[in-house]
Amino acid sequence: MLNLTDSDFQRLYTYIKKHYGIDLSKKKQLIVSRLSNTLASQGFKDFSAYVDEILSGRDPEMVTAMLNKLTTNYTYFLREEDHFKYLWDVVLPDLEKKHARDKVLCIWSAGCSSGEEPYTISMYLKEYFGAQASQWDTRLLATDISQKILNTAISASYSEESLSSLPSTWKQKYFVRADQGKYTVAPAIKQNVIFRPFNLMDQIQFKKKFDLIFCRNVMIYFDQATKDALVRRFYNATVPGGHLFIGHSEGLTKATCPYDYVQPAIYRRKDK
């Protein structure tokens, strides 16, 4: 493995924290172990020249590749299933009433990674509205900082292992078997998800506020101040009565959280 000096380590984690909110100040060994092979394959002899190149901003794809290496998070369909039970039992019946006239839902999967989360949400929407689904606009926004991971999500090709938690009937209904044991998401589900690149450190300025925001297992990389600021931005982008779902490993501080706590990893903005 290549040597990472304290000086280069500080330069790198400071840059990442400033631009992407990710706190790696105590992750020196992780950086070395996950990036050493990448540096060697790209011809870098040490971390110093690599950090110089990252900080220059000349190659955005290099930065994206670095972030992917440092924040890789295993995901799969129907992860944290109790969220989807609450979605089915509470959130969707509430939204069906609220939007009985306009029949338009606003849902955001923030930090969507390789697409399993937004596609799972989309399947739940199709199942819930059933024969009436065509009368509703249930298209949801899915964003991630990495265009590379978004391309993976858009390709919508997954291993059988990734689908193992889904009901077998959904596997038949919402996937098409492809080569080499892969499964591709069916067009009706793919077309229901709009993928866009977005940095969660940026201001949230979408046209409409959201009925529901999923941001799960993303804030584990943020320090408390960054997390608090992001949650406030989420709150301002949530309609009254709307929900925020976070990962079960991520707690929000009661004193600073503007949402009301509902149950573990589920929060709600007051109706008024």
Side-chain angles (χ1 to χ4, degrees), residues 1-77 79-80 109-117 142-153 158-159 161-162 197-202 214-231 234 245-253 264-265:
M1 287 189 184
L2 300 179
N3 179 52
L4 175 60
T5 66
D6 288 344
S7 174
D8 287 330
F9 172 53
Q10 183 175 8
R11 288 201 298 149
L12 187 59
Y13 78 66
T14 300
Y15 171 85
I16 293 171
K17 171 73 186 312
K18 178 181 178 181
H19 292 277
Y20 305 102
I22 300 168
D23 184 6
L24 298 174
S25 59
K26 296 180 174 62
K27 302 291 185 180
K28 183 176 181 178
Q29 190 54 45
L30 178 143
I31 290 174
V32 172
S33 63
R34 292 197 178 181
L35 293 183
S36 286
N37 287 342
T38 297
L39 267 67
S41 68
Q42 294 177 355
F44 289 99
K45 303 300 183 184
D46 55 42
F47 267 92
S48 183
Y50 175 79
V51 174
D52 286 344
E53 189 64 25
I54 289 291
L55 268 58
S56 76
R58 286 189 291 261
D59 188 348
E61 281 302 312
M62 179 183 284
V63 176
T64 297
M66 174 192 68
L67 295 174
N68 288 341
K69 286 281 187 181
L70 296 178
T71 61
T72 297
N73 192 30
Y74 176 63
T75 187
Y76 51 89
F77 287 91
R79 184 180 185 184
E80 300 182 334
S109 171
C112 66
S113 187
S114 45
E116 289 90 341
E117 178 180 272
T143 67
D144 200 278
I145 195 172
S146 166
Q147 185 61 56
K148 183 176 180 180
I149 203 71
L150 288 175
N151 291 341
T152 299
Y158 300 97
S159 67
E161 179 188 8
S162 182
F198 184 74
N199 185 343
L200 289 173
M201 294 303 98
D202 292 342
F214 277 72
C215 185
R216 305 188 304 167
N217 306 298
V218 174
M219 291 187 284
I220 52 174
Y221 300 107
F222 299 163
D223 65 15
Q224 194 60 52
T226 303
K227 187 190 301 185
D228 288 347
L230 176 58
V231 169
F234 280 150
F245 288 6
I246 66 172
H248 280 85
S249 60
E250 305 165 314
L252 300 185
T253 305

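Remember, predicted model here, so these are calculated numbers, not experimental data. The basis for the numbers below is simple: all heavy atoms, side chains too, and nothing from hydrogens, waters or symmetry mates.
- Electrostatic pairing of Glu117 and Arg79 does not count as a salt bridge here, judged by no charged N lying under 4.0 Å from a carboxylate O.
- Side-chain atoms of Asp23 and Ser25 form a donor-acceptor pair, as typed in the model, at a separation below 3.5 Å.
- Note: Phe214 CZ to Glu80 CD = 10.0 Å, rounded to the nearest 0.5 Å.
- Contact of the Thr38 side chain with the Met66 side chain is not registered, since no non-hydrogen atoms from C-beta on lie closer than 4.5 Å.
- You'll find the side chain of Phe198 stays beyond 4.5 Å of the side chain of Ile145, heavy atoms only.
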Pair Phe44-Leu35, side chain to side chain contact (heavy atoms under 4.5 Å, CB included): steps then yes or no: CA-CA 11 Å; Phe44 289 99; Leu35 293 183; over 6 Å; no
Chi angles and distances behind the side chain to side chain contact (heavy atoms under 4.5 Å, CB included) call for Ile31, Phe47: CA-CA 10 Å; Ile31 290 174; Phe47 267 92; 4.2 Å; yes
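- Phe234 approaches Ala110 most closely through the heavy-atom pair CZ-CB, 4.1 Å.
- Taking every heavy atom of both residues into account, Ala153 and Ser113 meet most closely at CB-O, 3.9 Å.
- The structure places CG of Asp223 at 3.5 Å from NZ of Lys17, a figure rounded to the nearest 0.5 Å.
- In Asn199, the CG atom is crowded: over 12 heavy atoms of neighbouring residues, nucleotides or ligands sit closer than 6.0 Å.
- Remark: the backbone N or O of Ser33 is not paired with any side-chain donor or acceptor of Ser36 at under 3.5 angstrom.
- Side-chain atoms of Ser114 and Glu116 include a donor-acceptor pair closer than 3.5 Å.
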Let me see the working for Tyr13 and Lys28 under side chain to side chain contact (heavy atoms under 4.5 Å, CB included), right down to the final yes or no. CA-CA 9 Å; Tyr13 78 66; Lys28 183 176 181 178; over 6 Å; no
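- Contact detail for Leu150 and Ala142: the closest heavy-atom pair is CD2-O, 4.4 Å.
- A donor atom on one side chain and an acceptor atom on the other are not found under 3.5 Å apart for Gln10 and Asp6.
- In this structure, CZ in Arg11 is found 6.0 Å from CG in Leu55, a value given to the nearest 0.5 Å.
- Under the 4.5 Å side-chain criterion, counting only non-hydrogen atoms from C-beta, Glu250 is not in contact with Phe222.
- Neither side chain, Gln147 nor Thr64, offers a donor N or O lying under 3.5 Å from an acceptor on the other.
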Show, in sequence, the C-alpha distance, side-chain angles and deciding distance for Leu70 and Ile16, and conclude whether the side chain to side chain contact (heavy atoms under 4.5 Å, CB included) test is met. CA-CA 10 Å; Leu70 296 178; Ile16 293 171; 3.9 Å; yes
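- In this structure, CG on Asp8 lies 4.0 Å from OG on Ser48, to the nearest 0.5 angstrom.
- Two residues are said to be in side-chain contact when any heavy atoms from C-beta on lie closer than 4.5 Å; Gln42 and Met62 meet this criterion.
- The distance from the OG atom of Ser56 to the OH atom of Tyr15 is 8.0 Å, given to the nearest 0.5 Å.
- Taking all atoms of both residues into account, the shortest heavy-atom contact from Ile220 to Ser249 is CG2-OG, 3.4 Å.
- Going from atom CD1 of Ile246 over to atom NZ of Lys227 covers 7.0 Å, rounded to the nearest 0.5 Å.
- Counting heavy atoms from C-beta outward, Leu39 and Leu2 have side chains that approach closer than 4.5 Å.
- Closest heavy-atom contact between Cys215 and Leu200: SG-CD1, 4.2 Å.
- Between Ile54 and Leu12, some side-chain heavy-atom pair lies under the 4.5 Å cut-off.
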